[in-house]
Each structure stands twice: as C-alpha cells, then as structure tokens.
Visitor: 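Sharing a structure, written as structure tokens. Questions coming.
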Number of protein chains: 2
Amino acid sequence: MSLRYALLGVLEARPMTGYELAQFFGQSAAWVWSAPHSNIYPELRRLEEEGLLVGTTDLRGEKLERRTYSLTDLGLTKLLKWAVTEPTPSYLRDPLLVKVGFLDLADPTEAAVMLRAFIGQQNDLIDGWEEHIAQLRELEAPLLKERLKHRPEAIHEAVAELKANAFQGLIDVARARSECAERALQILETMTNCGT
Amino acid sequence: MSLRYALLGVLEARPMTGYELAQFFGQSAAWVWSAPHSNIYPELRRLEEEGLLVGTTDLRGEKLERRTYSLTDLGLTKLLKWAVTEPTPSYLRDPLLVKVGFLDLADPTEAAVMLRAFIGQQNDLIDGWEEHIAQLRELEAPLLKERLKHRPEAIHEAVAELKANAFQGLIDVARARSECAERALQILETMTNCGT
DNA sequence: ACGGACATGTAAAGAGTTACATGATTGG
DNA sequence: CCAATCATGTAACTCTTTACATGTCCGT
C-alpha cells in the first residue's frame with residue numbers, strides 16, 4: 001500500500017512519467033521508498049483507473065509514446081487521508097537483528113567480516129542521505145523546489161525541514177542498526193578471549 | 001528467507017512443536033521475527049524434507065497428535081552459514097517515514113493525533129523489550145536457560161549479552177522512529193504558527 | 001551504425017497476511 | 001458440559017523481487 005501513496009506524494013511536486021518515477025524509486029537512496037519499474041507502471045495505471053491520477057500521452061520523436069501522470073484533487077485527498085491514519089501496530093522486520101542474535105554459534109572471524117560489511121553499507125547510505133538533507137536545507141533539492149512553487153513562502157523552510165526530518169529518520173534507524181552491529185563485534189571479541 | 005532461519009535459531013535452544021513456535025512468533029514482542037501459524041507449519045515440513053530438522057510425532061491423550069521438531073547438524077550448519085553471509089545491500093522500508101514526509105499537506109491536528117498514536121505504540125514495544133533484556137541479563141529468560149545448558153559456562157554472560165544486544169537494536173530502531181515523529185510534531189507546530 | 005539512455009510492458013516465483021476450517025484435551 | 005487452550009492444517013490474496021521482453025531515440 002505504501003508504494004501507491006509514495007507515488008502520489010512524489011507527483012504532488014510535479015507531473016512525471018512512469019520512467020522518471022522508476023528512476024526515482026530505483027535509486028533507493030534518493031527516496032524513502034523503492035520499487036522497480038515493473039511495480040510502478042501497473043500501479044500508475046491502477047491509480048489512473050481509480051481517478052487519483054490523470055495521464056496524458058505525448059510523443060518523443062515520431063513513435064515513442066510516453067505517458068505523463070498528474071495528481072488529481074481526489075488523489076491528493078486520498079494521500080492526505082492515508083498520511084494521517086494511525087499505523088496499524090506492527091514493527092519493522094530486520095534480518096540483521098536475527099543474524100546478530102545467533103552469532104555466538106558462528107565462527108567469530110566470519111561473523112566479524114559480515115558485521116563490518118554491514119556497518120560499511122549503512123555508513124554509505126548515511127553519507128548519501130546526509131548530502132540530500134544538506135540540499136533540502138538550502139532549498140536546493142530539485143523536487144523540493146517544484147513543490148515550493150505552489151506553497152506560500154512563509155512555510156518554505158518548515159516544509160524543507162519536514163522533508164529533511166524524514167531523511168534524518170532514515171539516518172537514525174541506520175545508525176541504530178549499525179551500532180548494534182558494532183556492539184556485537186565487541187561482545188564476540190570478549191567471548192573469544194575468555195573462551196580460548 | 002529469514003523465517004526459516006529464525007525457526008532454526010529458536011530450535012537450537014530446544015526441540016519444539018509447531019504450536020509452541022507459533023506462539024513464540026505470534027506474540028511479536030517476544031521474538032525478533034513474527035509469523036502466523038499458517039506460515040510456520042508448512043515451513044517446518046519443508047525444513048524437515050530438506051533435512052534441516054527432524055520431527056517426531058507423539059500423542060497428547062488418545063488421539064491428538066503433535067510433532068516435535070529438533071535441529072539437525074545440517075540445520076545448524078546452514079543456520080550458521082546464513083548468519084555470517086553479508087546482507088545484500090537493501091534498507092528497511094518504513095511507511096511512517098513516507099507519512100511524515102507528506103504531513104505538511106495534511107491537517108495539523110489530525111497529523112498530531114497520528115504521530116502521538118505512533119509514539120505511544122513504539123513506547124509500548126520498547127517497554128516490553130526492555131523487560132526482556134533485563135530477564136536476559138539475569139540469565140532468567142526461559143529460552144536462554146535452555147540454550148546455555150549446552151554451552152560452556154565461561155561464555156554464558158557473553159551469550160546473554162549478545163541476545164540482549166539484538167533486542168537493544170530493536171529498541172534503538174524504535175526510538176529513532178519515535179524521535180522522528182516527535183520532531184515532526186514540533187515542525188508542524190512552527191508551521192501552523194507562522195502560517196496563520 | 002551502434003551503444004546508451006528512453007520508455008513500457010508481462011510473467012513467474014517468493015514472501016507475508018488474513019480468513020477459513022477442523023478437531024482433541026483439559027479444567028472448572 | 002462448556003470454554004479455553006492445544007494442535008494442525010488449506011486457500012485466497014497482496015506485495016515484492018527477478019527475469020524476460022520489446023522497441024525508439026539521440027549522439028558520436
């Protein structure tokens with residue numbers, strides 16, 4: 001369900017083609033949700049059928065058709081309704097946390113390699129998100145600029161801050177997981193020291 | 001894929017029936033992974049077919065059959081192999097972060113209700129996990145006690161600490177999300193103040 | 001003319017949720 | 001004897017991933 005609303009939310013900034021959206025959602029770091037084009041195209045058609053989007057087809061060159069989707073009033077209404085509904089109590093499932101809980105049984109050297117690889121991955125993600133936050137705060141992020149065109153100037157900074165806050169959430173979650181891996185490394189070290 | 005390894009990992013402590021496992025994975029707070037019984041029973045049969053588990057059927061009373069599954073050497077090997085394989089670069093998908101990013105468009109009062117409900121949910125989860133961590137540290141958690149029976153005493157505390165660390169990871173992730181919601185509340189407040 | 005970006009799809013398989021379905025045992 | 005717990009399953013549906021598939025346009 002989140003994909004559909006993520007699409008509506010991005011299209012609130014400006015109309016886009018499926019291809020553009022697929023790029024957006026393909027580079028996972030760029031947005032809070034990710035999806036391959038094979039998800040996006042069918043979902044866009046469904047959203048149009050339901051009247052949450054309207055699409056217009058135009059031509060690039062002679063034959064290559066492309067369809068540009070815009071958010072309708074109904075689409076915006078549905079997006080906002082969703083945004084304020086309480087999340088059903090559920091929690092994030094994290095395969096890493098399953099792994100770290102069983103590492104006492106594994107070879108400590110291999111475990112350390114895995115943990116360090118994970119920490120490296122998370123740090124890379126964090127770096128990307130931090131850059132994006134900086135862009136948002138300077139009101140330089142391309143999509144944000146589009147959004148702000150149809151919003152009163154008085155709230156521009158607050159809107160930017162709200163978007164930045166979402167990415168800060170991603171960063172903090174990544175840090176929490178990374179630090180958990182870090183602590184696991186230390187615990188495994190004490191274990192090998194007293195074991196042998 | 002994680003479910004299968006979570007099952008193997010729990011069964012490393014002691015043999016269990018599908019019913020017991022379903023209770024374990026049903027009360028989401030109790031374990032790092034959750035699943036309904038309709039997932040667990042078929043998965044157990046598959047794991048047995050593949051030789052990662054062995055099951056024995058016995059009777060409760062006259063007719064009621066139940067099957068108790070134990071981890072095999074092969075099962076343990078596969079679990080450990082999985083535990084040390086590097087996670088494929090991916091990130092957690094968080095519907096809340098999608099929501100908070102669009103709240104500038106929503107009614108601030110409704111948004112605040114949603115955010116406070118979310119924060120409340122996360123705090124409840126955190127309380128449960130904290131209790132469980134305390135139990136683990138005192139070596140009082142039932143499943144941990146079973147596990148430690150077949151491990152050298154020198155590492156008992158370290159094993160407990162490793163399990164506690166996994167739950168600490170859950171808590172820290174929940175805190176990160178909760179604090180993100182908290183910040184969103186504040187930003188929305190500044191927005192309504194300057195907007196009207 | 002060719003490679004890379006543009007542009008859009010279908011299909012199959014895997015993972016997860018929800019509902020439906022059945023019956024036995026135990027304790028009050 | 002009745003309710004709660006014990007015990008195990010199937011089926012339908014949704015969501016996500018991965019692979020397969022096709023063709024156009026633009027710059028060099």
Side-chain angles (χ1 to χ4, degrees), chain A residues 1-8 11 15-28 31-50 53 55-69 82 87-95 98, chain B residues 1-8 11 15-28 31-50 53 55-69 82 87-95 98:
Chain A
M1 273 296 98
S2 295
L3 173 59
R4 84 174 358 215
Y5 295 106
L7 287 168
L8 294 177
L11 290 172
M16 282 194 201
T17 66
Y19 186 78
E20 279 180 288
L21 288 162
Q23 286 193 302
F24 224 82
F25 285 84
Q27 40 183 7
S28 54
W31 186 248
V32 182
W33 205 260
S34 84
H37 72 271
S38 56
N39 278 356
I40 290 169
Y41 288 117
E43 188 67 38
L44 287 171
R45 271 180 277 128
R46 254 172 272 144
L47 286 165
E48 187 173 10
E49 267 174 47
E50 294 171 37
L53 297 179
T56 55
T57 300
D58 65 321
L59 288 176
R60 294 254 317 194
E62 292 292 300
K63 291 180 183 171
L64 189 53
E65 292 194 340
R66 69 173 177 186
R67 194 156 183 80
T68 305
Y69 293 93
W82 173 79
T88 57
S90 76
Y91 67 105
L92 297 183
R93 283 174 164 176
D94 190 343
V98 179
Chain B
M1 270 300 97
S2 294
L3 172 59
R4 85 174 356 215
Y5 296 106
L7 288 168
L8 294 177
L11 290 173
M16 282 193 199
T17 66
Y19 186 78
E20 279 179 288
L21 287 162
Q23 287 193 302
F24 223 84
F25 285 84
Q27 40 184 12
S28 53
W31 186 248
V32 183
W33 205 259
S34 85
H37 73 273
S38 56
N39 277 355
I40 290 170
Y41 289 117
E43 187 66 38
L44 287 171
R45 270 179 278 126
R46 254 172 272 143
L47 286 165
E48 188 173 9
E49 267 173 48
E50 295 171 38
L53 296 178
T56 54
T57 300
D58 66 322
L59 287 176
R60 293 253 316 191
E62 292 291 299
K63 289 180 185 174
L64 189 54
E65 293 195 339
R66 68 173 177 187
R67 194 156 183 81
T68 304
Y69 293 92
W82 173 79
T88 57
S90 77
Y91 67 106
L92 297 184
R93 282 173 164 176
D94 190 343
V98 179

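As the structure is a computational prediction, the values presented were derived from the model and not from experiment. Chain letters run A, B, ... following the sequence lines, proteins first, then strands; residues in each count from 1.
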Visitor: Specify the residue among A/Gly61 and A/Ser2 whose closest nucleotide of DNA chain D lies further upstream toward the 5′ end.
Guide: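 It is A/Ser2 whose nearest nucleotide is closer to the 5' end.
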Visitor: Measure up the B/Phe25 and B/Trp31 rings against each other and bin them: parallel (under 30°), tilted (30 to 60°), perpendicular (over 60°).
Guide: perpendicular
Visitor: Given 3.5 Å as the limit, does a donor-acceptor pair link the side chain of A/Glu20 with the main chain of A/Thr17, or not?
Guide: yes
Visitor: Could you check A/Met16 against A/Thr68 for side chain to side chain contact (heavy atoms under 4.5 Å, CB included), going step by step and ending with a plain yes or no?
Guide: CA-CA 5 Å; A/Met16 282 194 201; A/Thr68 305; 5.7 Å; no
Visitor: From the set C/dG23, C/dG16, C/dA5, return the single nucleotide nearest to any side-chain atom of A/Tyr19.
Guide: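 Among C/dG23, C/dG16, C/dA5, the one nearest the side chain of A/Tyr19 is C/dA5.
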Visitor: I need the residues from residues 36-43 of chain A with at least one non-hydrogen atom less than 4.0 Å from DNA chain C; give them sorted by number, or say none.
Guide: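 Heavy-atom contacts with DNA chain C come from A/His37, A/Ser38, A/Tyr41.
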Visitor: Just the rounded figure in Å: distance from C1' of D/dC6 to CG of B/Asp58.
Guide: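 Result: 13 Å.
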Visitor: Mind checking the CZ-CH2 spacing from B/Phe24 to B/Trp33? Nearest 0.5 Å is all I need.
Guide: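 If I round to the nearest 0.5 Å, the distance is 16.0 Å.
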Visitor: Kindly point out which of C/dG9, C/dG16, D/dT8 is positioned nearest to the side chain of A/Arg45?
Guide: C/dG9
Visitor: Rounded to whole angstroms, how far apart are CZ on A/Arg46 and P on C/dG9?
Guide: 12 Å
Visitor: Enter the distance from A/Asp94:CG to B/Leu92:CG here, rounded to the nearest 0.5 Å.
Guide: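 That separation rounds to 5.0 Å.
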Visitor: Rounding to a whole Å, what distance do you find between B/Leu64:CG and C/dA24:C1'?
Guide: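 These atoms are roughly 5 Å apart.
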Visitor: Send over the distance from A/Met1 CE to C/dT18 C1', rounded to a whole Å.
Guide: 15 Å
Visitor: What is the separation between atom CD on B/Glu20 and atom C1' on D/dT8, rounded to the nearest whole Å?
Guide: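 B/Glu20 atom CD is separated from D/dT8 atom C1' by 14 Å.
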Visitor: Please report the distance, rounded to the nearest Å, between CG in B/Leu92 and C1' in D/dC15.
Guide: 17 Å
Visitor: Looking at every strand, decide which applies to B/Gln23 at a 4.0 Å heavy-atom threshold: base, sugar-phosphate, or nothing.
Guide: sugar-phosphate
Visitor: To the nearest angstrom, how far is A/Trp33 atom CH2 from D/dT17 atom P?
Guide: 9 Å
Visitor: Output the distance between atom CG (B/Leu47) and atom CD1 (B/Ile40), rounded to the nearest 0.5 Å.
Guide: 11.0 Å
Visitor: State plainly whether the residues B/Glu49 and B/Arg46 are in salt-bridge range, i.e. N to O under 4.0 Å.
Guide: no
Visitor: Should A/Arg45 and A/Glu48 count as an ion pair when the cut-off is N to O under 4.0 Å?
Guide: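 Looking at A/Arg45 and A/Glu48, the cut-off is not met.
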Visitor: To the nearest 10 degrees, what angle separates the axes at the start and end of the helix from C/dA1-D/dT28 to C/dG28-D/dC1, five pairs each?
Guide: 20°
Visitor: How long is the line joining CG of B/Leu3 and C1' of C/dT17, in whole Å?
Guide: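 After rounding, the reported distance stands at 13 Å.
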Visitor: Look at the side chain of B/Arg93 and decide which nucleotide, out of C/dA7, D/dT17, C/dT17, has an atom nearest to it.
Guide: D/dT17
Visitor: Quick check on C/dC6: is either OP1 or OP2 less than 4.0 Å from any side-chain nitrogen or oxygen of A/Arg67?
Guide: no
Visitor: Not counting sequence neighbours, which residues clear ring pair (Phe, Tyr, Trp, His ring centres under 6.0 Å) with B/Tyr69? List them please.
Guide: none
Visitor: Considering just the side-chain nitrogens and oxygens of B/Arg66, establish if one lies under 4.0 Å of OP1 or OP2 belonging to D/dA7.
Guide: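 Looking at the OP1 and OP2 atoms of D/dA7, one of them is under 4.0 Å from a side-chain N or O of B/Arg66.
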Visitor: Out of curiosity, B/Asn39 CG to B/Leu21 CG, how far, rounded to the nearest 0.5 Å?
Guide: 12.5 Å
